[in-house]
K.L.:
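Here it is, the structure, as structure tokens.
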Amino acid sequence: MTNILNNLNPEQLEAVTLPPVNEAGNSQSAMILAGAGSGKTKVLTTRIAWLIQTGQASPVGVLAVTFTNKAAKEMLTRLSAMMPINTRGMWVGTFHGLCNRLLRAHHKDAGLPSTFQILDTQDQLSAIKRLLKSLKIDDEKYPPKQLQYFIAHAKEKGMRAKDMDRGDSFQNTMVELYQAYEEQCQREGVVDFAELLLRSYELLKHHQPIREHYQERFRHILVDEFQDTNALQYAWLKLLSGHGTSSPCSVFAVGDDDQSIYAFRGADVENMKLFERHYKPYLVKLEQNYRSYGHILDAANHLIANNTERLGKNLRTDAGHGEPVRVYEAATDGTEAAWMVDEIKSLINTGSMRTEIAILYRSNAQSRIIEHGLFSAGIPYRVYGGLRFFERAEIKHALAYLRLLENPNDDTSFARVVNFPTRGIGAKSIETLQDSAKLNNCSFYAAAPYLEGKAGTSISAFVRLIDHMRDATRHNTLPETVDYVIQNSGLIQHYLTEREGQDRVENLQELVNAATAFIAEEGFAQDTVAGTDQTEVITEMSPLAGFLAHASLEAGDNQAQAGQDAVQLMTVHAAKGLEFTNVFITGLEEGLFPHENSINEDDGLEEERRLMYVAITRAKERLFLSHTQSRLLHGQVRYNLPSRFLDELPAESLKHLTPKNKDARWGSSTTTTRMPSWSEGSDWGGPAATISRSSRSSAITVPISSLPQKDNGHGFRVGQSVFHTKFGEGRILAIEGQADQAKANVNFNRHGPKWLQLAIAKLTAID
DNA sequence: GATAGGCTGCTTTTT
DNA sequence: GCAGCCTATC
């Protein structure tokens, strides 16, 4: 029919135009198994456009849900490019964003104040710490982090405290703390991330008219990254889609079981199988890859074939073999970085953009040495991950003031800024306040008038400050309010006097800009939702409420120097969904990738393999893999074996840049545990000295002197370049003695020659 | 109440 | 190696 279908391949076309209603006149769902680089987002958005253009759906009858704000935005952008519709009223967003929308519209039925605030992970943790303190619970016995995890996982399974197994006394206390946490949140009018989902699930479940309203409205639900859904999200979708009712809607689920890498935070690939069973969907596989050359795809296919739990899918390309996958073995993490710098230089010299070069690693700790190498070589780079704009301390402080204007009962925010900047309200005063709040069963804010003495005076002054700021900004625009608050709270003043406060002042000013941008973008958000009589009504959030929700739900970018042409550094997780012409996957060593913690986890190794699969499929033209013989990790030198994943790649697609040293591969080749035999037991001579804090050493950390790597028992030879943590780089002039008695005379570039006991000195080979 | 110094722990992370 | 947390000290 229309041109939107023109540039689809046959399998994409089939997916996009699957009839949402079958011959019997009932809704028909679909599951699209979309391999990496197969045009998943294109299919999803074209599907929506096709449904609307053919009159099978109206824009307000479509709900599309994603996991990230970025994906949601991308979808909206592509949609409006495809057809002239107003996307503003459409329900396209993240699970959390859409749930927030539902709860704002039906806050009364959901049992929440209209001004409820959203706790991010940090806020939640501090709320939990505060709870434990107020209940005088020993936080050594009940670590706040563990309780946080416990609560989040319970909610992700849809369980309230009352639904939980009490078990032993520890479990029982955890459940009671969960209950107490819930009561605290309810009193304060705050919800955490998981609560957004659980609360709106319960809203739909327990309020038939509301449920039916949305079930009738959304005749088409589209789900992106279905493999990442957790149990609660699945239940939410099932409810909203009217599964099991007389007129369920059509669910269009797009996912890739091979790219499921978030089981550790509750995602359950099994949902794809459940979906097949419950919805009897059409099944379409997208296997044509438009991203990578043949050798890269062969590597990916070959690797992932080692997983047993798969729905089954094989990527193919018409692009030809392309260049082989390069494999490099380095002596140390330093030389690995140096090699990358060389390769990157020649890539740039042959015309590659720096933004088209990505360096991927399994864990963030690996980035430091790579950054060091790039920095020394003067190559601009950008690291993803880390603190994001709305997570910065100064921004969270400003937001806390703003939240108190909106909802003074938010104790988390109150506690955060009651003494910031300092106003002489110390731990003692806060304790008094906390006790009084508990006694009167009210918030900190409400408890202030009950206080007497010094604490009463200073805390009342703070409460008056909040009240004053609220009154003073009543008729202001949002940016004016933000500006007023950062000035009058004393935050700007405070950071101006602080030594390193300049950046923070700038960030605070940036917050005013963020507010301006928010108003411009949102316009401001009007929403059509079910009214009290279940007819469509238009609701409006206050700009401040909207901005605060936005700040919690979208933590903002974590980029330092956006826009610059820079090499991209990130974890493999962060790279999901992205693509680059040139990709380096570094640290391919046992213990690192696959990560040692994953080996003992259920399905842990398969998830690591999927992670490797994601990493490989990011590359378009050139893929570089590297591993090192030794690396500094957690302040220790560790000797790792090459990753088993390297063995799982097809030899004919690889090109080894360094000789593949069979002798260096001490362990057996494919068994699950590849601990070198010499690492257990004591037949290797015993450690004269471990590199540092021996009690923490893992099985694969050994003193350098005991490495059976070279014949002389200490692994070093005359003429070798070495690195010492204190003295820097140097060259070995002479070695005396045997095994753990050996001493070396090392001529350090900056410190001159020194004799070092090889069993003790922190020496690393660097050639 | 701010700051310095010691101790510990330590995948991955979006919302 | 390093951040984050706690304690000791002024």
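Note that this is a predicted model, so its numbers are computed, not measured. Chain A is the first sequence line, chain B the second, and so forth, proteins listed ahead of strands; every chain is numbered from 1.
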K.L.:
So if I take every side-chain heavy atom of A:Leu632 and compare against C:dG1, B:dT13, B:dT11, which nucleotide ends up nearest?
P.N.:
C:dG1
K.L.:
Would you kindly check whether a donor in the side chain of A:Thr121 faces an acceptor in the base of B:dT15, or vice versa, at under 3.5 angstrom?
P.N.:
yes
K.L.:
When you compare the ring of A:His595 with the six-membered ring of B:dT11's base, are the centres less than 5.5 Å apart and the planes under 30° from each other?
P.N.:
yes
K.L.:
How is A:Glu225 classified with respect to the nucleic acid when contacts are heavy atoms under 4.0 Å: base, sugar-phosphate, or nothing?
P.N.:
nothing
K.L.:
When all nucleic acid strands are considered with a 4.0 Å heavy-atom cut-off, which category describes A:Asp228: base, sugar-phosphate, or nothing?
P.N.:
nothing
K.L.:
It should be established whether A:Arg388 places a side-chain nitrogen or oxygen under 4.0 Å from OP1 or OP2 of nucleotide B:dT15.
P.N.:
yes
K.L.:
Taking the six-membered ring for Trp, are A:Phe150 and A:Tyr178 parallel (under 30°), tilted (30 to 60°) or perpendicular (over 60°)?
P.N.:
perpendicular
K.L.:
For B:dT11, does OP1 or OP2 lie under 4.0 Å from any side-chain N or O of A:Thr571?
P.N.:
no
K.L.:
Once you round it to whole Å, what is the distance between P of B:dT15 and CG of A:Leu197?
P.N.:
13 Å
K.L.:
Could you give the NZ-to-P distance, from A:Lys145 to C:dA3, as a whole number of Å?
P.N.:
15 Å
K.L.:
Which listed nucleotide (C:dG1, B:dT15, B:dT12) is nearest to the side chain of A:Arg368?
P.N.:
C:dG1
K.L.:
Counting only heavy atoms from other residues, nucleotides and ligands, does the tally under 6.0 Å from CD of A:Gln493 exceed 12?
P.N.:
no
K.L.:
Taking atom C1' in both C:dC5 and B:dT12, compute the distance separating them and give it to the nearest angstrom.
P.N.:
23 Å
K.L.:
Can you tell me how far C1' of B:dT12 sits from CD of A:Gln366, to the nearest Å?
P.N.:
11 Å
K.L.:
Report the residue (A:Gly97 or A:Gly424) whose heavy-atom-nearest nucleotide on DNA chain B is the more 5′ of the two.
P.N.:
A:Gly424
K.L.:
Pull up the glycosidic torsion of B:dT11 and say syn or anti, syn being anything within 90° of 0.
P.N.:
syn
K.L.:
Should the heavy atoms of other residues, nucleotides or ligands under 6.0 Å from CG of A:Asp602 be counted, would the total exceed 12?
P.N.:
no
K.L.:
Can you tell me if A:Ser260 uses its side chain to pair, donor with acceptor, with the backbone of A:Asp256 under 3.5 Å?
P.N.:
no
K.L.:
Can you check the A:Asp138 CG to C:dC6 P distance for me, whole Å?
P.N.:
13 Å
K.L.:
Using only atom types and a distance under 3.5 Å, with no angle test, would you say the side chain of A:Arg388 pairs donor to acceptor with the backbone of A:Glu554?
P.N.:
no
K.L.:
When you match A:Ser363 and A:Glu554 each to their closest nucleotide on DNA chain B, which lands nearer the 5' end?
P.N.:
A:Ser363
K.L.:
Answer with base, sugar-phosphate or nothing: what part of the nucleic acid does A:Leu119 contact at a heavy-atom distance below 4.0 Å?
P.N.:
nothing
K.L.:
Describe, in one word, how the ring planes of A:His550 and A:Phe518 are oriented to each other, choosing from parallel (under 30°), tilted (30 to 60°) and perpendicular (over 60°).
P.N.:
tilted
K.L.:
Identify which nucleotide among B:dT11, B:dT15, B:dT13 has an atom closest to any side-chain atom of A:Thr94, counting heavy atoms from C-beta outward.
P.N.:
B:dT15
K.L.:
Nearest whole Å is fine: how far is B:dC7 P from A:Glu140 CD?
P.N.:
16 Å
K.L.:
If you check every side-chain atom of A:Leu553, which of B:dT11, B:dT15, B:dG1 has the closest atom?
P.N.:
B:dT15
K.L.:
Checking all strands, does A:Asp120 fall into the base, sugar-phosphate, or nothing category for heavy-atom contacts under 4.0 angstrom?
P.N.:
nothing
K.L.:
Under 4.0 angstrom, heavy atoms only, what part of the nucleic acid is A:Glu391 near: base, sugar-phosphate, or nothing?
P.N.:
nothing
K.L.:
Once you measure the plane-to-plane angle for A:His573 and A:Tyr262, does it fall in the parallel (<30°), tilted (30-60°) or perpendicular (>60°) bin?
P.N.:
tilted
K.L.:
Verify the contact: side-chain N or O of A:Asn100 to OP1 or OP2 of B:dT15, cut-off strictly under 4.0 Å; return yes or no.
P.N.:
no
K.L.:
Can you tell me the distance, in whole Å, between the OH atom of A:Tyr384 and the C1' atom of B:dT14?
P.N.:
17 Å
K.L.:
Using atom CG of A:Leu125 as one end and atom C1' of C:dC5 as the other, report the distance to the nearest whole Å.
P.N.:
12 Å
K.L.:
Out of B:dT11, B:dT15, C:dC5, which nucleotide sits closest to the side chain of A:Lys129?
P.N.:
C:dC5
K.L.:
B:dT11, OP1 or OP2 - any side-chain N/O from A:Asn364 closer than 4.0 Å?
P.N.:
no
K.L.:
Does the side-chain ring of A:Phe264 sit on the six-membered ring of the B:dT12 base, less than 5.5 Å centre to centre and under 30° in tilt?
P.N.:
yes
K.L.:
Heavy atoms under 4.0 Å, any strand shown: does A:Phe193 hit a base, just sugar-phosphate, or nothing?
P.N.:
base
K.L.:
Whole angstrom is fine here: how far is it from NE2 in A:His634 over to P in C:dG1?
P.N.:
12 Å
